[in-house]
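Data block below; observations after.
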There are 2 protein chains.
Amino acid sequence: MPDQPLITPLPTAPDAGTELPVLGGPARERCDAARNRRRILSAAEALVARDGAVAVSMDQIAAAAGVGKGTLFRRFGDRAGLLRALLSDREGAFQEALIRGPAPLGPGAPPEERLLAFGPAYLHELQDYAELLSEVEASTVPGELMTGGPYALYRTHLTLLLRAANPRLDAEYHADALLTPLSAQLVLHQRDARGMDLERLAAGWQAQARGLLAI
Amino acid sequence: MPDQPLITPLPTAPDAGTELPVLGGPARERCDAARNRRRILSAAEALVARDGAVAVSMDQIAAAAGVGKGTLFRRFGDRAGLLRALLSDREGAFQEALIRGPAPLGPGAPPEERLLAFGPAYLHELQDYAELLSEVEASTVPGELMTGGPYALYRTHLTLLLRAANPRLDAEYHADALLTPLSAQLVLHQRDARGMDLERLAAGWQAQARGLLAI
DNA sequence: TTGTGAAGTGGACCGCAGTCCGCTTGTGTC
DNA sequence: GACACAAGCGGACTGCGGTCCACTTCACAA
């Protein structure tokens with residue numbers, strides 16, 4: 001299982017990873033590089049767990065990992081990339097469940113049911129790592145957030161489901177419109193500052209989706 | 001007409017402004033301070049018009065205005081506050097139209113119609129200053145964006161309309177859910193990177209709202 | 001074992017937003 | 001007009017994310 005499943009690697013950081021001993025691919029990773037990557041990730045994980053993602057700086061991570069700062073940026077592109085790498089396992093599992101998992105989230109159920117299952121499932125996953133993902137959202141350059149990374153997959157997924165469930169809709173638009181209320185920053189604010197619990201958010205999201213199916 | 005209508009001033013920057021010659025209020029603004037504020041705003045406006053909001057730094061604005069950097073931050077709190085001040089006239093006009101303007105955006109029309117008028121009107125306004133507002137969104141600390149500033153008014157407005165139009169809804173949730181797809185960052189991405197024109201965005205938003213009225 | 005080129009490294013460096021505090025200046029009082 | 005004091009000022013300073021490039025280390029071939 002790759003370290004960063006389904007996340008397109010940065011052009012500057014191929015990160016082919018996964019120490020396959022055979023089949024020297026187009027660009028194998030040198031073993032000292034792999035060792036440093038592990039060091040960086042485990043140092044970052046420990047610091048984030050202790051102090052929270054907001055309070056951890058790239059210098060701190062570099063120092064804790066015993067590498068230079070340049071190595072962090074060569075490996076992960078920018079701060080958002082490093083934080084995203086910390087999430088990749090969990091995000092990968094969710095993406096896997098979307099594509100190959102059991103119904104109604106995975107294939108097998110009718111598109112209406114799969115659509116209605118998405119929001120609550122995503123919100124449930126989000127509870128664990130909302131703070132980290134919120135930090136990723138904040139430190140990603142605006143346009144890039146929607147373009148690459150996991151959002152592109154979710155957008156495609158929702159577009160296909162919407163198109164199948166109600167062909168009269170502008171599926172592309174509504175995929176965005178259903179995805180933005182799931183933003184980690186918003187959900188965190190709703191949960192912590194306004195006291196809206198998970199069930200309420202999930203029910204609201206489903207109502208939003210059901211409305212689209214009704215027209 | 002105040003400089004920053006309906007925008008609650010920062011605690012560190014009272015900005016009572018508006019050179020009222022009479023009625024010495026609780027905290028009159030000294031006239032050199034007012035002169036500097038005008039200098040800063042016009043310098044900022046010129047630089048933003050020339051180079052774009054992203055490319056303009058606080059140091060540049062301070063230098064162009066002929067004041068120290070500390071003055072900028074004393075006056076406007078942070079970068080987002082300064083950029084928001086550049087928008088305040090236009091935002092104020094739109095808020096005015098919401099509250100006291102002609103129907104269907106203003107009062108007089110039934111809530112369903114006022115709701116459906118909001119999205120397209122806001123998107124239309126946004127076209128002019130989307131880049132600036134996107135920069136404000138990006139440089140505002142996450143929680144604060146929804147709490148203060150114009151968003152609070154829009155959220156309240158939508159909440160009231162939704163509650164009146166369909167009492168079965170969780171009006172507070174759906175106010176957020178209808179507001180997030182109007183984020184300047186998203187709209188800019190949809191318009192420029194994905195080639196979705198204004199009519200399409202407006203129609204999509206209305207469909208989203210109409211769905212809520214239907215259930 | 002040794003040579004070689006590319007992949008990898010790390011810390012000095014840059015421009016940035018935001019803070020701090022000693023100094024200046026305007027204003028109301030006597 | 002002189003004074004006192006608070007309001008205002010500004011630039012040096014901090015820590016940050018991110019870049020750069022001279023240097024080191026690895027992997028492979030002869």
Side-chain angles (χ1 to χ4, degrees), chain A residues 10-17 19 21-22 24-40 43-44 47 51 53-84 135-136 138-141 144, chain B residues 10 12-17 19 21 24-40 43-44 47 51 53-84 135-136 138-141 144:
Chain A
L10 300 166
T12 55
D15 205 39
E19 304 77 4
V22 290
R28 277 282 308 280
E29 183 182 43
R30 250 165 60 171
C31 78
D32 56 339
R35 188 201 60 212
N36 277 340
R37 198 191 57 220
R38 282 192 302 268
R39 276 191 195 172
I40 292 167
L47 284 172
D51 300 334
V54 179
V56 176
S57 74
M58 296 296 270
D59 294 77
Q60 280 175 25
I61 296 172
V67 302
K69 205 159 92 164
T71 305
L72 264 64
F73 285 93
R74 148 171 277 267
R75 191 67 41 198
F76 299 101
D78 58 9
R79 178 181 166 81
L82 173 49
L83 296 181
R84 216 182 303 134
E135 186 67 11
V136 171
S139 57
T140 301
V141 44
E144 203 170 330
Chain B
L10 298 167
T12 54
D15 204 39
E19 303 78 4
R28 276 282 307 280
E29 183 182 45
R30 248 166 61 171
C31 77
D32 56 340
R35 188 201 59 212
N36 277 339
R37 198 192 55 219
R38 282 192 302 269
R39 276 192 195 172
I40 291 167
L47 283 172
D51 300 335
V54 179
V56 176
S57 75
M58 296 297 271
D59 294 77
Q60 281 175 24
I61 296 172
V67 303
K69 205 158 91 164
T71 306
L72 265 63
F73 285 94
R74 149 171 277 268
R75 191 64 47 194
F76 299 101
D78 58 9
R79 178 182 166 81
L82 173 50
L83 297 181
R84 218 182 303 133
E135 186 67 10
V136 171
S139 57
T140 301
V141 43
E144 204 170 329

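Just so it is clear, the model here is predicted, and its values are computed rather than measured. In what follows, chains carry the letters A, B, and so on, assigned in the order in which the sequence lines appear, proteins first and then strands, with residues in each chain numbered from 1.
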How long is the gap from CG on B:Asp51 to CD on B:Gln60, to the nearest 0.5 Å? 6.5 Å
Quick one: pull up CG in A:Leu72 and CD1 in A:Ile40 and give me the separation to the nearest 0.5 Å. 4.5 Å
Length of the CG-P vector between B:Leu72 and C:dC20, whole Å: 17 Å
Enumerate all atom pairs, one protein N or O and one N or O from nucleotides 1-7 of chain D, separated by less than 3.5 Å.
| from | atom 1 | to | atom 2 | distance (Å) |
| --- | --- | --- | --- | --- |
| D:dA7 | N3 | B:Arg30 | NH1 | 2.8 |

Given DNA chain C, 5'-ward residue of the pair B:Asp59 and A:Val67, judged by closest heavy atom: A:Val67
Rounding to 0.5 Å, atoms CG (B:Leu82) and CZ (B:Arg75) come to a distance of 11.5 Å
Between B:Asn36 and B:Arg39, is there a side-chain heavy-atom distance shorter than 4.5 Å? yes
Rounded to the nearest Å, what distance is computed from the CZ atom of residue A:Arg39 to the P atom of nucleotide C:dT9? 10 Å
Nucleotide D:dA27, atom P - distance to CG of A:Asp32 in whole Å: 7 Å
Closest heavy-atom pair, A:Ile61 versus A:Ala43, reported as atoms and distance to 0.1 Å, is O-CB, 4.2 Å
Between atom CD1 in A:Ile61 and atom P in D:dG17, what is the gap in whole Å? 8 Å
Could you give me the CA-CA distance, side-chain angles and deciding distance for B:Lys69 and B:Asp59, then say whether side chain to side chain contact (heavy atoms under 4.5 Å, CB included) is met? CA-CA 6 Å; B:Lys69 205 158 91 164; B:Asp59 294 77; 3.2 Å; yes
Please report, rounded to the nearest Å, how far the C1' atom of D:dG10 is from the CZ atom of B:Arg35. 13 Å
Give the rounded distance in Å between these two atoms: CZ of B:Phe76 and C1' of C:dT19. 18 Å
Can you measure B:Leu82 atom CG to C:dG18 atom C1' for me and round it to whole angstrom units? 13 Å
Intermediate values then yes/no, side chain to side chain contact (heavy atoms under 4.5 Å, CB included), B:Met58 and B:Asp78: CA-CA 9 Å; B:Met58 296 297 271; B:Asp78 58 9; over 6 Å; no
Tell me whether the side-chain N/O atoms of A:Asn36 come closer than 4.0 Å to OP1 or OP2 in C:dG8. no
Does A:Arg37 place a side-chain N or O at less than 4.0 Å from the phosphate oxygens OP1/OP2 of C:dG8? no
Over how many whole Å does the gap from B:Arg79 atom CZ to C:dG15 atom C1' extend? 13 Å
Please enumerate all protein N or O atoms sitting under 3.5 Å from an N or O of nucleotides 19-21 of chain D, with distances to 0.1 Å.
none

Going by heavy atoms in the side chains, are A:Phe76 and A:Arg37 under 4.5 Å from each other? yes
Would the distance check show the side chain of B:Thr71 and the main-chain N or O of B:Val67 forming a donor-acceptor pair, the cut-off being under 3.5 Å? no
